[in-house]
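Everything numeric in this text was worked out from a predicted model, so none of it was measured. Residue numbering restarts at 1 for every chain, and letters A, B, ... go by the order of the sequence lines.
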Amino acid sequence: MMDGDANRNFITDIINGHNESGRFDGRVHTRFPPEPNGYLHIGHAKSICLNFGLAAQYGGLCNLRFDDTNPAKEEQEYIDAITEDVRWLGYDWDDRLYFASDYFDELYEMALELVRIGRAYVDELSPEAIREYRGTLTEAGRESPYRNRPIEENLALFEKMRAGGFKEGEAVLRAKIDMANGNINLRDPVMYRILDAAHPRTGGKWKIYPMYDFAHGQSDSIEGITHSICTLEYEDHRPLYDWYLDNIEIFHPQQIEFARLNLSHTVLSKRKLIRLVQEGFVSGWDDPRMPTISGLRRRGYTPEAIREFCDDIGVGKVKGVVALHKLEFHQRQHLNKTADRVMAVINPLKVVIENYPDDLVEQMEAVNNPEDESAGTRLTPFSKVLYIERDDFMEAPPRKFYRLAPGREVRLRYAYFITCREVIKDENGEIIELRCEYDPATRGGSAPDGRRVKSTLHWVSARHAIEAEARLYDNLFTVENPEGDRDHDFTAFINPDSLNVVNPIYVEPHLRGARPGQRYQFERLAYFVVDEDSTADKQVFNRTVTLRDQWRKERKKAGKPRRKRRRKGAASR
RNA sequence: AGGGAAGUAGCUCAAUCGGCAGAGCAGGUGCCUUUGGAGCACAAGGUUAAAGGUUCGAGUCCUUUCUUCCCUGCCA
């Protein structure tokens with residue numbers, strides 16, 4: 001992953017160019033600049049990995065800076081959550097935690113300087129009038145009648161703004177650039193506006209607050225940022241970013257724009273995520289179905305997998321949609337190497353081993369993680385009455401169904417070969433129990449005579465199993481692009497089966513005492529994480545991601561989709 | 001009187017100075033297996049948005065066209 005060319009992209013090309021020309025003396029210093037007005041999501045992870053990754057790649061630094069210039073929207077709660085999320089993703093900013101609000105004094109001085117040199121003025125046009133004067137995409141704007149007042153008057157008025165002499169909306173400070181410019185950001189952009197709101201950090205000290213454009217570049221400059229990486233929608237802002245820095249005459253970082261992440265089967269805009277929470281489609285920002293960092297964390301996703309994903313999707317200027325499959329792929333890849341295996345039955349079918357002694361209990365040795373020898377082994381109890389997965393038995397098996405069927409022999413993992421002798425049904429014809437026969441010579445799972453079986457089933461001992469709750473999560477949306485339909489709101493595509501609670505499921509006793517956050521593979525089913533809702537009496541397991549399921553594909557190919565009835569509460573998918 | 005940007009395999013990205021268009025994922029086929037997982041092998045997938053030009057040679061340079069996206073907050 002770290003070998004030379006792997007991390008090459010258009011941004012490293014730019015950085016390499018700077019290093020050759022000596023523009024930043026070989027320095028690389030980036031920053032991740034969230035606004036504390038919401039929770040971080042997987043799209044932010046891309047930016048975090050990019051900024052911190054680039055710094056690491058070049059032996060540079062990356063700051064965490066909160067862009068807190070709009071107290072009307074920002075809260076301490078978000079600052080805390082964002083800080084936690086970035087740290088959880090595995091990144092460290094040492095002592096370089098900054099806030100744009102740290103620079104309010106300096107920013108004010110810079111604004112004053114622009115007023116003094118005649119490049120900024122106080123405008124008393126109403127917000128509506130300013131909009132009207134700005135012109136349109138195809139027509140030039142007109143100059144404000146206040147545009148050419150004397151410098152001394154602007155100085156006095158700006159002071160009056162600072163001192164609270166104006167109400168919200170009565171006056172703004174504007175840069176004097178070009179009302180006819182094709183780039184609307186250059187038509188005398190607002191630098192400062194009056195906001196009557198308490199700031200989480202500066203309290204009531206300020207009545208005026210800098211706009212993003214006036215704060216961001218200068219904050220970058222103050223921190224010595226060399227490469228200010230942002231998303232594509234800021235391309236039109238770069239000329240303004242440059243204008244402020246050039247006219248204030250301070251250190252000039254390079255703004256670089258990349259395409260933000262779009263993920264299939266989900267939404268990533270803050271506005272839409274808020275609606276999912278507020279309208280009750282999910283339980284909160286950390287609902288395991290949410291694409292937020294906190295949601296992914298609770299779902300069982302690992303920082304390593306998210307970082308690998310970000311590394312894999314790369315960075316460019318082309319807007320595209322990344323398949324959710326890709327995130328899942330990386331998650332399986334990481335959990336496959338690290339998660340302990342355990343046996344759990346989600347949709348139980350009772351199996352009685354007729355020729356097994358009634359009271360005998362044998363402890364079977366099971367491998368915790370075949371990918372990691374150091375994970376060791378455990379003992380798991382075997383007895384006469386077991387549960388297997390209902391899906392692992394078919395009375396009339398189709399071709400390529402290798403699992404248990406009448407008269408067929410299969411292996412119970414780490415235990416014995418068993419053969420199904422009898423199928424017991426209730427009055428409705430529903431299968432309620434299987435009577436089987438085991439071969440004592442096959443203890444541990446292999447036959448001395450060398451005979452083989454085509455499949456291996458997971459199981460739990462009915463007497464010893466712990467009852468737990470499973471929350472089976474699936475995509476929140478049923479379509480790739482929930483926002484792509486003109487006639488329907490994105491909420492119309494919410495997957496009604498995105499959460500399927502199964503209670504109880506049966507897990508092997510080894511799981512007793514597993515703590516929230518611990519991850520396991522339920523063999524042949526999926527990866528699960530212990531949820532924070534777990535109690536001493538009942539553990540809750542969130543399904544992170546299923547295992548790939550070849551049999552499901554076979555079924556699909558055979559054109560025999562499973563019936564709705566059987567799906568309910570079923571283990572697969 | 002509009003400005004800015006992007007088009008390479010289904011998806012995400014490569015392709016050095018202009019020199020045989022590649023990889024990962026997905027999908028396909030097969031092998032193997034005490035997870036039908038993991039793993040392995042193989043095949044397939046392309047008029048590089050289009051047209052024209054320069055050149056021995058163009059994804060790359062030039063011209064034109066087409067398509068898509070962003071921009072008219074006192075949000076970021």
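Base orientation for B:rG7: anti, the chi torsion being more than 90° from 0.
Residue A:Thr456 is in sugar-phosphate contact alone, with no base atom involved, counting any heavy-atom pair closer than 4.0 Å across all strands shown. Contact annotation for A:His237: base contact, defined as any heavy-atom pair under 4.0 Å involving a base atom. Nucleic acid contact for A:Lys317: sugar-phosphate only, since backbone atoms but no base atoms lie under 4.0 Å from a heavy atom of the residue. Using a 4.0 Å heavy-atom distance criterion, A:Phe401 is classed as a base contact. Nucleic acid contact for A:Tyr414: base, since at least one base atom lies under 4.0 Å from a heavy atom of the residue. Within the 4.0 angstrom heavy-atom criterion, no nucleotide atom of any strand lies near A:Thr231. No contact: A:Glu257 has no heavy atom under 4.0 Å from any strand. Counting non-hydrogen atoms under 4.0 angstrom, A:Leu240 reaches nothing in the nucleic acid. At the heavy-atom level, A:Ile130 lies under 4.0 Å from base atoms of the strands shown. Nucleic acid contact class of A:Arg413 (heavy atoms, under 4.0 Å, all strands): base. Using a 4.0 Å heavy-atom criterion, one finds that A:Val172 contacts the bases of the nucleic acid, with or without backbone contacts as well. Nucleic acid contact class of A:Asp236 (heavy atoms, under 4.0 Å, all strands): base. Using a 4.0 Å heavy-atom cutoff across all strands shown, A:Glu371 reaches at least one base atom of the nucleic acid.
Across B:rG22 and B:rG39, the matching C1' atoms stand 24 Å from one another, rounded to whole Å. B:rA6 and B:rU12 are spaced 15 Å apart, taking the C1' atom of each and rounding to whole Å. B:rA9 and B:rA23: their C1' atoms are spaced 11 Å apart (whole Å).
Between the CD atom of A:Glu483 and the C1' atom of B:rC69 there is a distance of 14 Å, rounded to whole Å.
Taking every side-chain heavy atom of A:Val318 into account, B:rA6 is the closest of B:rA6, B:rC74, B:rU72. Listed candidates were B:rC25, B:rA76, B:rC74. Nearest to the side chain of A:Glu35 is B:rA76. Comparing atom distances between the A:Tyr402 side chain and each of B:rU72, B:rG36, B:rG37 picks out B:rG36 as nearest. Distance from the side chain of A:Phe329 is smallest to B:rA26 among B:rA26, B:rG2, B:rA38. Closest contact between the side chain of A:Thr138 and the listed nucleotides B:rG2, B:rG37, B:rA76 involves B:rG2. Of the candidate nucleotides B:rC25, B:rC69, B:rC74, B:rC25 has the atom nearest to the side chain of A:Lys326. Here B:rG73 is the nucleotide among B:rA76, B:rU35, B:rG73 with the atom lying nearest to any side-chain atom of A:Arg134. Which of B:rA76, B:rG37, B:rU35 sits closest to the side chain of A:Glu523 comes down to B:rU35. Out of B:rA76, B:rC74, B:rU35, the shortest distance to the side chain of A:Thr69 is found at B:rA76.
Across all strands shown, B:rU55 forms no Watson-Crick or G-U wobble pair with both key distances under 3.5 Å. Nucleotide B:rA14 forms a pair with no other nucleotide shown, judged by Watson-Crick or G-U wobble geometry with both contacts under 3.5 Å. Under the Watson-Crick or G-U wobble criterion, with both distances below 3.5 Å, B:rA26 has no partner in any strand shown.
Remark: of the listed residues A:Gln254, A:Arg65, A:Gln255, A:Arg65 is the sole one forming a side chain to side chain donor-acceptor pair (under 3.5 Å) with A:Asp220.
Counting only N and O atoms by type, the side chains of A:His334 and A:Glu308 include no donor and acceptor under 3.5 Å apart. Between A:Asn347 and A:Glu389, the side chains place no donor N or O within less than 3.5 Å of an acceptor N or O (distance only, hydrogens not considered).
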